[in-house]
Each structure stands twice: as structure tokens, then as C-alpha cells.
**Student:** 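I'd like to ask you about the structure that follows.
Here is the naming used below: chain letters follow the sequence lines, and residue numbers restart at 1 for every chain. What you see below is based on every heavy atom in this structure, not just the backbone, and it leaves out hydrogens, waters and symmetry mates. It should be emphasised that the depicted structure is a prediction, and the values quoted were computed from it without experimental measurement.
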Amino acid sequence: MKVLAAMSGGVDSAVAAARAVDAGHDVTGVHLALSQTPDALRTGSRGCCTIEDANDARRSADVLEIPFYIWDLAERFREDVVEDFVAEYAAGRTPNPCLRCNEKIKFAAVLDRAVALGFDAVVTGHHAQLVDGQLRRSVDAAKDQSYVLAVLTPAQLSRAIFPLGDSTKEQVRAEAAERGLAVAAKPDSHDICFIGDGDTRGFLTRRLGAAGGEIVDAESGAVLGEHQGSFGFTVGQRRGLNLTRPAPDGEPRYVLAIEPVANRVVVGPGRLLEVDEVRAERPVWTVAAPAAEFDCIVQLRAHGMLSPATVAIDDDRVTARLHTAQRGVAAGQALVMYAGDAVIGSATITAASARSSVTV
Amino acid sequence: MSYLDHAATTPVLPEAAAAVAGALGALGNPSSLHGSGRRARRSIEESREQLAATVGARPSEVIFTAGGTESDNLAVKGLYWARRNADARRRRVIVSSVEHHAVLDAVQWLAQYQDAEVVQLPVDAYGQVRPETLRAALAEDPASAALVSIMWANNEVGTISPIAELAAVAHEFDVPLHTDAVQAVGALPVDFAASGADALTLTGHKLGGPYGAGALLLRRDVDCVPLLHGGGQERDVRSGTLDVPGAVGLATAASIAVERRGAVGARIAELRAALVAGVRAAVPDVIVNGHPTERLPGIAHLSFDGCEGDALLMLLDARGVECSTGSACAAGIAQPSHVLLAMGVEEARARASLRFSLGHTSTAADVAAVVEAIGPAVERARRAGITSMATR
């Protein structure tokens, strides 16, 4: 096949491209320029958008002896990922920009352009398996990225190739070194690629402007502190609340709810975070739409938070009754449904509650 | 493989490669006082005389540099500093809006850090600077003009500006004129003395010489403050141990390129005409940018509405046809060309453009490869262009 390998400049996408070459595909490497003002050099573990990262990708392509180009998707990325990220926080939700990037950029804008230009598929270095069109978790549970790919439709998945799903990160690094790829020892990237300093709250404050408001205790109604913008918080968050007065019961407080209209952050003791019913919308099924009600495993954020659940589908809405209560379920995150390690589908969380009492 | 990117760099002439290799085998710093040094110095001075004779300059007007970007920076900054030092009012730097970034970014730096005021002269729809435009800009405040810099022939669309007329206008106001003639030397008749320019940039790798070897032609009566300080080589304007192989290769290539210019230029012009005709037959709505007659013989700058230039480039590259979307950028990200924007081309069309540039090794087979590949490539790139619009 004629395939396009998206090369971030990291070790995963370089080895993925190498494996695609080994598999006999006609591979073209492309680095996606996502920042409108790229820094010259990469700093620390952030980002994949510096000119140095583009050069690393180019050097890997050189070693693999494949053509290499840079595609400028900065404007699309800004519109579809960065602005969405800001708007979601402003609305009191907690978005996942990596998921959005897969949904709107890598497997939409890039894939569409690739197909139009005569490519059959897009290869990425995501840690996930695609077996006969079925998206599955990576064998490396710690690096598994099926959660951020679960938003892809069968049509998108039919044009995706994930060559790394059967390997651990350690194996990928060792293979990169064997292949003479200079990125073998490059640090993993964490955090959000478009927030260079890692300070999400600072980034949002610059974008949305500081707006002081109250931090209110859910149980006593007491004002426990002030905040500089409700967008700076995530449900389940404990650190960084800067409460100026102790809670009446002396227990630690967690963010229970964000009320952007009132610009209030509601906090409470950990037990009030516990939910066992999660509602979500706009489901996407990776294979075919399942039965109206079924049992599965749900994952409620990018890392961890798994529970067996009974899921009911009602048109564009999904309700998951968790068999094990979870703490800190945030609106805006994805509810991803698994059968074993196979992804059934995903939906965007809108609300979560305890079946006995509504908390969110 | 069909190479149609000679404006980026052109194959080294075998004679130049042999001259470079020979010089690399010889020992000696041209500034040394012993026999080896004298032999190296002799090579440099013979190269200087050869290059000077080739471009209508006096040997003492040749300052060897490491290439076009250095020569442009030296001319623009050096003349600005010298003129301002002589009269603090002279802060206006007048350039065309279609200059290479080696000039544009240098003058932007002068504006940012050295109190310069940059005047960008508009160009017409062909990319040409009109003498009356320059005259009006100078007349606005003659006492404040530090220098004028206008390129001889544009590297993207190939349009030639009337340098002799422009130099005469600058001299009406006693202002020196620098011209970036990187694309012109070897492709057009270039006579430094006859042009009236006070400084002229040329470089080796655009005319069949080695990379990293260029020159600034600088009139003897023009003051220029150096960028590089050190041993005082090159009239104290450009310090640094002289690059003997570079100078020998540059002079050899320049003299051959100029000697063969008539014959090679006529052949290139025919090939270019065949290329444009063939592309037009395959893609009837192609737009040819630049001046119809006053242009470099080998450049065909074409716009294909509805395509993205970088998609076209990739599709052609896959078919072995090598061309350019304009001047290359450090990150490899395609920006809409400032040259086309200055010519009044809208951004979408500017992004939909390709530059094919022919040179001394171009053949009819190269042109045939373009003509064969362009139709399907444009068709496919147009589909991709429509797709990316639809998913917005």
C-alpha cells in the first residue's frame, strides 16, 4: 500500500514508520507543523512542535530512506484543538486535546488530504492494536493509547495503521537503537503540546482573563476560598485549591463541580465525589453499533479509572451504570467502552451522579 | 529524475569542480609571506581578476564572501552604518518589497535594533520596481536616505528590474544603490561598471560554482563598515582567511557561465517556452506569473488555482520531477510568497504556485517529464484542495 507516516520527531512514530517500510509499504513521512510560532529548540518533555522536532523526524526519515515533507496544519490545529480546548474549559468541562487531535487532525484533515493525494492509509506511532479492523489496547498497558483513539469511526480506522500495538515502549526504544534512529533515547513527551511551560491554568488565564470567584463548600455552603477563574479547575482536583479557611469538618476538599455561569467552584469531601452513573453523548462505535443495553468495561479518563458497567444507549445518549463507584469523573472527558481489550466505542461525558443523590 | 530547481542551486560545472579539487590539494594561507603563501595569494588574485573581468568590475572591487546571504548582509548593514556614521540623519533604507529574505530580514533587523526606517517600494503586477516609484520615495526626504537595495532579477518569478535606470535615480539624490544579482549573473548580461550600482551581490552555487563562495562587488569610493572584524583581509571590509578553493571555483564557474550565456540562455529559453506551452495544454487554466519578456530565461512561475503548492510539489517529487513552491523556509513550512503578495496576487493563488527553473543541464526530457506529470498531479491536488475545504 501507499501509506503516509505521521512523524512527530519522537521514537514511536519513527519506529512505526520503519515497521511500515519493513511490511513492504510505499511509505512517505510527513511531519505535522501544528504550532504557528514554533520554537527553535525543544525544552524538556513537552511538545512535538518545535523546529528541532521536525528535524528529528527528518533525520529518522533519512535513515529509513523515505521521502519526507512538512505539512502545515497549524491553522486547523488552532481552530479544532486549541480553541476547542479553551472553550471547553470556559464551559466548565475538562477536554482531552490529544483525543480531539486524533479526531479532527490526524484522522480527519491529514487522512482526508492523504487519501485525496493518492495514499491508502495513515500510519502513526500510537500504542494500540488494530486487528481485522478492531481497535484493541496495546500490549503495554502503561502506554496504551486506545482511549484517545476510541473516537475514530470504522471508516477512519479502515485507513489507519498502528504498527506498535504488539510491543512495549521498551521494545520500541530498543528497536529504534538497533535501527540506528537517533531518537531512540529521546524523552517521552507528556503534557499538552501547545502549552509550552506546562502551566495549563496560566495558559487558560491568559486566554480567558482572570475572573475572581468563590470556592464554596457543598455541605455547609461556607465560602472556603477564592479562585481567579473557574476554568482553572477539574472535577476531582484536590491540589492547588488554595483554600483560605478550613472546611467545617476538617476533611480535605475536592472539586465537585464547576459552575462557569456563576463563576463558582464547588468543593466537598471525597465521598461526595463518588459516582456510579455516568451520562454521555454523541457516541461513536468503532465497529458496529452494539445492542441497546450491554455489559462492558468503561474507562473514564486517559489513564485508569476503569469499572465494569452496564451501558444503555438511547439514540444520541449513553448512560453507564458503574458496578464500582468512581471518584472524579469530569464532564468533557471520554467514556470509552471496552469488551476485554477491544474498544466498542466512546462518548463524551456530560454528567455523573450517585444513583442515590445527584452531585454533578 | 528531472531537476527543475536550478534557481535553488544548479549543478557544479566539471571545470569548477576540478578547479576546487586542485586548489584543495594546494597548501598555503594567502596572507602568509613565504612561498606557499605567495602561491595561494596568486590563486586568489588571479581568481579576483578573472571574476572582475567577467562581471565588468575592477579587481579591487571584488570582496570575496561566503555567499549571497553574507554579501547582502554586508552591503545592507555596512552601507547603512557607513552612511549614518557620516550623517546621523540618514536612517531611511529603501528596498523593494520583493527582495530576498537576506535583504528583507537584514533591513528589518536594522529597523529593530539600529534605528533604521525601512521603506518598502511597491512593485507592479509583474514584480518590477518602477524608477518613478524610487524617485518619489527618495524625493520625499532626500537627506534621510541611507541606501537603496533592489534586486537585479527576482528569484521566484524571475522578473528583471531596470537596475541602470534605478541606479541613476539613486545617484540623482547622491544615495548608493546595492543590487542582489544572485540570479542574474550568468543568466543575464551583468556589467557592474555599466549598471552604475555601487554594490552587487553574486554567489557561486547559482552559476555552476561551489556552495559557500560568493562575492560583493563594491565600488572603491563606497564606504562599508565590516560585519566581520579580524585580520583585515579584503580591503578591511571582510576579515577571515581567504577561501582559495572557493574563490577559484567561483571565478572558474562565473567565467564559463558568462562565456556560454548566449548559447545556453537561448536553449534554456526554448525549453522554458516548451514547458509553459506543454503545461498549458495539460492544464488550460494555468496562470503564468512574472514579466512576459523582462525576466530570467529559465524561470517559469505558475499558479494552479484550487491546488496547494506543497501538495503539487509532493506529487511531482513522487514522479521524479523536482521543483519548488518558492523560496525554501527553514522549517520547511510553505508560506504564501511575499513576492506574489507584493505583486497583488491573492493568498490562495500565491499558495497554489510552483516555480520550475531550468539551467545549464536542462534537457527536453526534463520538460517532457513535467508536461507528462503535471495534468494528473493538478487534478489530484485539486481534489485534495477541495477535500480540505470540505472538512473545515
Side-chain angles (χ1 to χ4, degrees), chain A residues 2-4 7 9 26-41 49-59 61 66-80 83 103-119 153 155-156 159, chain B residues 1-3 5 8 101 105 304-338 347-348 350-354 372-392:
Chain A
K2 197 166 153 52
V3 301
L4 190 87
M7 300 179 74
D26 174 3
V27 183
T28 296
V30 162
H31 178 78
L32 307 177
L34 301 178
S35 169
Q36 289 178 315
T37 52
D39 290 331
L41 296 177
C49 305
T50 65
I51 291 170
E52 188 175 19
D53 290 304
N55 289 338
D56 287 344
R58 180 189 299 278
R59 292 293 300 127
I66 58 174
F68 176 81
Y69 306 94
I70 292 176
W71 282 9
D72 178 7
L73 282 126
E75 181 58 26
R76 291 291 298 266
F77 186 78
R78 190 187 62 75
E79 284 173 16
D80 289 339
E83 295 307 318
E103 179 188 14
K104 299 281 193 181
I105 305 295
K106 293 198 180 104
F107 299 98
V110 173
L111 178 59
D112 289 348
R113 190 173 196 231
V115 169
L117 292 176
F119 292 94
T153 63
Q156 289 170 310
R159 299 240 186 224
Chain B
M1 191 264 289
S2 296
Y3 184 79
D5 202 12
H101 281 291
D105 289 20
F304 302 91
D305 283 352
C307 296
E308 288 180 42
D310 62 340
L312 271 179
L313 184 148
M314 186 181 82
L315 291 167
L316 292 174
D317 190 15
R319 303 278 295 266
V321 172
E322 300 184 332
C323 63
S324 159
T325 51
S327 53
C329 154
I333 299 170
Q335 297 289 333
S337 152
H338 70 281
E347 188 174 325
R351 285 184 181 279
S353 303
L354 287 181
E372 192 194 329
I374 193 73
V378 167
E379 195 185 318
R380 181 150 256 171
R382 280 190 173 146
R383 274 208 303 276
I386 290 160
T387 306
S388 57
M389 296 307 281
T391 52
R392 285 195 91 85

**Student:** Can you tell me how far apart OH (A/Tyr69) and CG (B/Asp317) are? Round to the nearest 0.5 Å.
**Tutor:** 3.0 Å
**Student:** State, to 0.1 Å, how close B/Leu315 and A/Leu117 come at their nearest heavy-atom pair, and which atoms those are.
**Tutor:** CD2-O, 3.5 Å
**Student:** Taking NZ, NE, NH1 and NH2 as the nitrogens, is one of them in B/Asp310 or A/Arg113 under 4.0 Å from a carboxylate oxygen of the other?
**Tutor:** yes
**Student:** Provide the closest heavy-atom pair for A/Ala116 versus B/Ala384 in the form atom of the first, atom of the second, distance.
**Tutor:** CB-CA, 3.2 Å
**Student:** Tell me, please, which residues at least two apart from B/Arg319 pass side chain to side chain contact (heavy atoms under 4.5 Å, CB included).
**Tutor:** B/Glu372, B/Ala373, B/Pro376
**Student:** First locate atom CG of A/Asp72, then atom CD of B/Glu308, and finally report the distance between them rounded to the nearest 0.5 Å.
**Tutor:** 9.0 Å
**Student:** Within the supplied structure, the quantity of interest is the number of heavy atoms (other residues, nucleotides, ligands) at a distance under 6.0 Å from A/Lys104 NZ; does it exceed 12?
**Tutor:** no
**Student:** Do the side chains of A/Trp71 and B/Met314 get nearer than 4.5 Å, heavy atoms only?
**Tutor:** yes
**Student:** Taking side chain as everything from C-beta outward and backbone as N, CA, C, O, which of these in A/Phe119 sits under 4.5 Å from a heavy atom of chain B? Side chain, backbone, both or neither.
**Tutor:** side chain
**Student:** Taking only residues two or more places apart in sequence, or in another chain, which ones meet B/Asp305 in a side chain to side chain contact (heavy atoms under 4.5 Å, CB included)?
**Tutor:** B/Ile287, B/Arg349
